[in-house]
Amino acid sequence: MAEYIPQSTEESWQKAWDAANIFHAEFNDDNPTFYCLEMYPYPSGKMHMGHVRNYSIGDAVARYKRLMGFDVLYPMGFDSFGMPAENAAIAEGGHPHDITERNMASITDQIKRMGFSYDWRRLLKSHDPQYYRWNQWFFLKFLENGLAYQEFAPVNWCNSCNTVLANEQVKAGRCWRCNGPVIQKEMSQWFLNITKYAQELLDGLDTIDFPENVKALQQDWIGRSEGAEIEFSVEGRDDKISVFTTRPDTLFGVTFVTLAPEHELAQRLVEGTDYEKDWKTLHDEIVIMSEFDRIKNMGKKKGVPTGSFAIHPLTGEHVPIWIGNFVIASYGTGAVMAVPGHDERDFEFANKYEIPIKRVLVMTENASADSALEAAECDLGWMVNSGIEGFDGLYGSDAKSAVCDALEKKGLGQGTVNWKIRPWLISRQRYWGTPIPIIHCESCGVVPVPEEQLPVELPRDVVFDGKGNPLESSATFCNVDCPSCGKPARRETDTMDTFVDSSWYFLRYTDSMQNEMCFNPEIANHWMNVDFYCGGIEHAQMHLIYARFWTKALRDIGLHNIDEPFNELLCQGMVNKSAPWCDSCAITLNVSHSGNSCPHCDSELSERSAKMSKSLGNTVSPEEMIEKYGADTVRLFILFAANPTAGMDWSDSALEANYRQMVQLFSMPENILAWDGDASGIDLWMKARLKQRCIQWQEAMDNYDLRGAVDASHFDLIKDINWYRRRGGANSSLGREVLEVWTHMISIATPHIAEDWWRLLGHSDLVAGRVFDTPGPLDSDELAALDSEAYLRSFLEQARKVAKVASKHLGGEPNSAVIHISRPWKRELAQSAIAHLESGENIKIFAKVLADLPFAQGDMRGEVMGFWGKRMLPQIFKWSDEEKQIIASSLDEGNVLRVASDFICSDLGLTGIDIESGVIDVGRSNTAIPLAPSIVYS
RNA sequence: GCAGGGGUAGCCGAGUUGGUCAAAGGCGCCGGGCUUAAGAUCCGGUCUCAAUGGGUUCGUGAGUUCAAAUCUCACCCCCUGCACCA
């Protein structure tokens, strides 16, 4: 028998696929399309298990859709700009370009070894000038329509990366990439006004199939809050203070106004007064802090008075103006109307500085307006103490809009919506990214690079010394003539955030084999949007928001007509492996501590599953695993070990088990093709079972339940074949039929072995390039065959249980049995009860119906009625739909067992069985009920 | 605090339109067949008891129902994100 040696066959099948061009996606207007995409990977030098899992999932989906007759677009490429390559260039010398190309070549080899069905012709790489020129082109378009702009602003600055960061790239006050501290710095920067699309980004979430948690993350990030912008004038000055609040209904409770220390008015209010010194102290303390540290320190509320007063827009009251450390300049207007009676933070602040607290809401209707406030009452309530006619008694949104209306009439405020999402800062002071196509001219100012001069390419004559922006070291790059006036000018040296690259790559894939335009709108519209997008949850807010924004922005400059780039998003779970865990320190340790005690507290270590990571040392190299077991085994393990969205634990023993499964599968065609029998009674069952498994497999795949699909194709069918053989089946032509269908089913998860099978079946084409002619639905004969076999199997299971008990009583192994099928009236009873139930009647009145049935008359009445109440009533509900259907069907229990009696005897080790059915008087064996005959051994 | 997702047998994990559920499948473990033998494979078992039956199980407690892993309420715990956000 041939041996399973995937190492020697897999690569040749990969070459065969390649040579046959079967993964090339072509534009056919009439065919149904499917766009399957995995998140644009950064080309590190090595493929890791996360990649393997991601692509194994995507590839199975792509192959499935191809089998089902779709034109499948399934491309691959590299998000190849970014700081790791530049940092490597600084650390080890060399150039980011060369390092990137080297890494790409090596990871590409590894990806190809897995046999994924990509259309490699469409390969993208961000650092290709033919790619990033379009980033520049889009930027110019955005500049034209005002979506891109430059602003001098305080920004997040990462010292170790030497660049600014977008807000969402700052995690817990630290750089998302290097984890270094982030400080605030004022710089002139380029922004894209993503806030213009905030509402659409929020609404769009309802139209796409993203997981709930991703939707929640995006909603949080977009951060819509509805409220009012209200203007307070300042006593004795022309200045106005504009505040944003979500609670205009509490406006009458304002007892002070608070400004951010760096609010431009703050300084002017205190200048030259006694209050200036205190303000200066607070201000200086605040401005050096990162936003994160400020928020962290908000627990310690600090404030200084200004000595000035603001004028309440509706009542005209004068309230003091304070400066507080808890107000952030960049959020809203940098000023807060403080309502201590109904806001916890203001309550605390007012108490600390002895500012009056006023009740303007009550929490129950008609409650006393004078009751004391023990704490801030922050829920919605009924307005009281408004001091102006027409507000008291209003609640919730009525209260809010009444206040907004009043403000609007006076021109001092209006209802408005505030967003947490802020303009996207795209400037980066690094080399390895898309140069921003701008020229700074002393006389003309900021001049866009003319379109025909694109791309602005990255220069090679650059010094990577880790000091400042390397682009500034290139004279050839920086010195340029102004396109407008021709005088010497200087190029912008900022490059774009690399999230720009991944914001439209999926559009480029649809038409990446030309350099005339970014993509042809007709072609993009044909393939888009992405039907199935698979990747990690870590991109839930950055990439997945930017890409949605970019898609809408390109739509609005007329490049396509797609609203949302991704339809179904699947976030694959982590790949974990156990690592030492200290329960008392609550930390996971590097695997080098395995078997030792905790290095911190010396207590005993246990094991816990943790995300594979270099720092824990619990990684598994895909390369080694492929080398050892072959790509198909790794793929099978990955898909079978857990559902795509669940975390999965790496297990060497489970991997070995899957390898054995592959070995077994490999031998299947040879075994089956050696069958030399003729048609037999069990053939119908085998045919039906094959159809059933195929349906199960299709349903699972349609729901992206890859585990369920693999279960049917790689595990269940083997068991079915075994059963068929046990039941005497060996029909050679049926065997071939099974294999033909089965090969298609295994080809999506383990494509190489599927080709082995296909070749053994005598085909000269490739199964990977086929459309699957599925066996279709089950007919009634096939359903009956499934029923009778299911009945037989459950009978055997029961008979074995009983045999155990019986041998105790008999004092030895039984050698024969009498099987009593339930008496005919019991089946009739069951049938009428099921019919009764299914007609929608209440089961409780069935006893009356029963009393009129023919078999419940005379002497039998007592027994029948008793049996109904005690035994049959609960049983009716225990039967499955399938079993109920069998009972209602024409299945003849006695006949099924009689036909199979030889098989039953050999299976139970009996010399003979006697089957009694249709018998009225069965003596002591009256426990039999439909589908559960009684068995008496002797 | 708010939001989203979870808690199922030794472990992993399916199952949540109430009855198909003592609960799929995998791993582990045990027994048997095959084999000179090992591995692989095949068959069976794997909550519990006085066992063709009964008892007790699906985070905890209560409730609805003829019937609850599944529905309702409260609580506990875990993961993820947001957070003195105006």
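Note: hydrogens, waters and symmetry copies are ignored here, and every other heavy atom, side chains too, is used. In what follows, every chain begins at residue 1, and chains take the letters A, B, ... in the order their sequences are listed.
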Relative to the 5' end of RNA chain B, which residue comes earlier, D716(A) or M337(A), by the nucleotide with the nearest heavy atom?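 Comparing both residues, the 5'-ward one is D716(A).
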If you find the nucleotide of RNA chain B closest to E344(A) and the one closest to R793(A), which residue's nucleotide is nearer the 5' end?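 Whichever sits nearer the 5' end wins; that is R793(A).
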Residue pair S242(A) / A335(A): nearest heavy atoms and the distance that separates them: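 Closest approach of S242(A) to A335(A), heavy atoms only: O-CB, 3.6 Å.
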[atom1] of [X] versus [atom2] of [N]: gap in Å, rounded?
X       : N      : atom1 : atom2 : result
F210(A) : U80(B) : CZ    : P     : 22 Å
D343(A) : C85(B) : CG    : P     : 7 Å
I721(A) : U41(B) : CD1   : P     : 17 Å
M668(A) : C42(B) : CE    : C1'   : 12 Å
I537(A) : G81(B) : CD1   : C1'   : 9 Å
I672(A) : U41(B) : CD1   : C1'   : 15 Å
D220(A) : A83(B) : CG    : P     : 8 Å
K215(A) : A3(B)  : NZ    : C1'   : 15 Å

Nucleotide forming a Watson-Crick or wobble pair with [N], both distances under 3.5 Å:
N      : value
A67(B) : none
U46(B) : G28(B)
A23(B) : none
U80(B) : A3(B)
A37(B) : none
C73(B) : G61(B)

Distance between the [atom1] atoms of [N] and [M], in whole angstroms?
N      : M      : atom1 : value
C21(B) : G28(B) : C1'   : 24 Å
A23(B) : U46(B) : C1'   : 15 Å
G13(B) : C71(B) : C1'   : 24 Å
G45(B) : G10(B) : C1'   : 16 Å
A69(B) : C58(B) : C1'   : 5 Å
A67(B) : A83(B) : P     : 48 Å
C30(B) : G5(B)  : P     : 42 Å
A9(B)  : G15(B) : C1'   : 14 Å

Given Q661(A), R635(A), H714(A), the one that forms side-chain hydrogen bond (donor to acceptor under 3.5 Å, both in side chains) with T750(A):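 Looking at Q661(A), R635(A), H714(A), the match for T750(A) under the side-chain hydrogen bond (donor to acceptor under 3.5 Å, both in side chains) is H714(A).
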Could you list the residues that satisfy ring pair (Phe, Tyr, Trp, His ring centres under 6.0 Å) with [X], not counting sequence neighbours?
X       : answer
Y791(A) : none
Y629(A) : Y659(A)
Y353(A) : W322(A), F349(A)
Y704(A) : F532(A)

What pairs of nitrogen or oxygen atoms, one from the protein and one from nucleotides 28-33 of chain B, lie under 3.5 Å apart?
none

What does F349(A) touch in the nucleic acid at a heavy-atom separation under 4.0 angstrom: a base, only the sugar-phosphate, or nothing?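 Nothing: the residue F349(A), judged by heavy atoms under 4.0 Å, touches no strand.
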Would you indicate which nucleotide in [options] comes nearest to any side-chain atom of [X]?
X       : options                : answer
I718(A) : C42(B), G4(B), G26(B)  : C42(B)
L217(A) : A86(B), A24(B), G81(B) : G81(B)
R726(A) : G81(B), C43(B), C85(B) : C43(B)
A216(A) : C84(B), G25(B), A3(B)  : A3(B)
N722(A) : A86(B), A3(B), C43(B)  : C43(B)
N213(A) : G81(B), G4(B), A86(B)  : G4(B)

Trace of the ring pair (Phe, Tyr, Trp, His ring centres under 6.0 Å) decision for F903(A) with W723(A): CA-CA 12 Å; F903(A) 175 68; W723(A) 178 256; 5.6 Å; yes
Is there any protein nitrogen or oxygen under 3.5 Å from a nitrogen or oxygen in nucleotides 6-14 of chain B, and what are the pairs?
{"from": "A14(B)", "atom 1": "OP1", "to": "N643(A)", "atom 2": "ND2", "distance (Å)": "2.9"}

Q664(A) side chain N/O closer than 4.0 Å to the phosphate oxygens (OP1, OP2) of C42(B)?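 Result: yes.
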May I ask you to verify if any side-chain N or O of K352(A) is less than 4.0 angstrom from the OP1 or OP2 atom of C84(B)?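 Checking C84(B) against K352(A), no side-chain N or O comes under 4.0 Å of OP1 or OP2.
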Between R693(A) and D720(A), is the closest basic N to carboxylate O distance under 4.0 Å?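 Yes.
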Would you call E789(A) and R727(A) a salt bridge, taking side-chain N to carboxylate O under 4.0 Å as the test?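 Looking at E789(A) and R727(A), the cut-off is met.
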Is a side-chain donor or acceptor of E377(A) paired with a backbone partner of G341(A) at a separation under 3.5 angstrom?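 Side chain of E377(A) to backbone of G341(A): no pair is present.
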Please check: side-chain N/O of N418(A) versus main-chain N/O of S225(A), any donor-acceptor pairing under 3.5 Å?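 Between the backbone of S225(A) and the side chain of N418(A) there is no qualifying donor-acceptor contact (under 3.5 Å).
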If you go through the side-chain atoms of R247(A), does one of them form a donor-acceptor pair with the base of A86(B) closer than 3.5 Å?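 When only heavy-atom distances are counted, R247(A) does not reach the base of A86(B) through any donor-acceptor pair under 3.5 Å.
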D907(A) and R726(A): salt bridge (charged side-chain N to carboxylate O under 4.0 Å, His left out), yes or no, with the steps? CA-CA 9 Å; D907(A) 200 69; R726(A) 277 176 75 192; 2.5 Å; yes
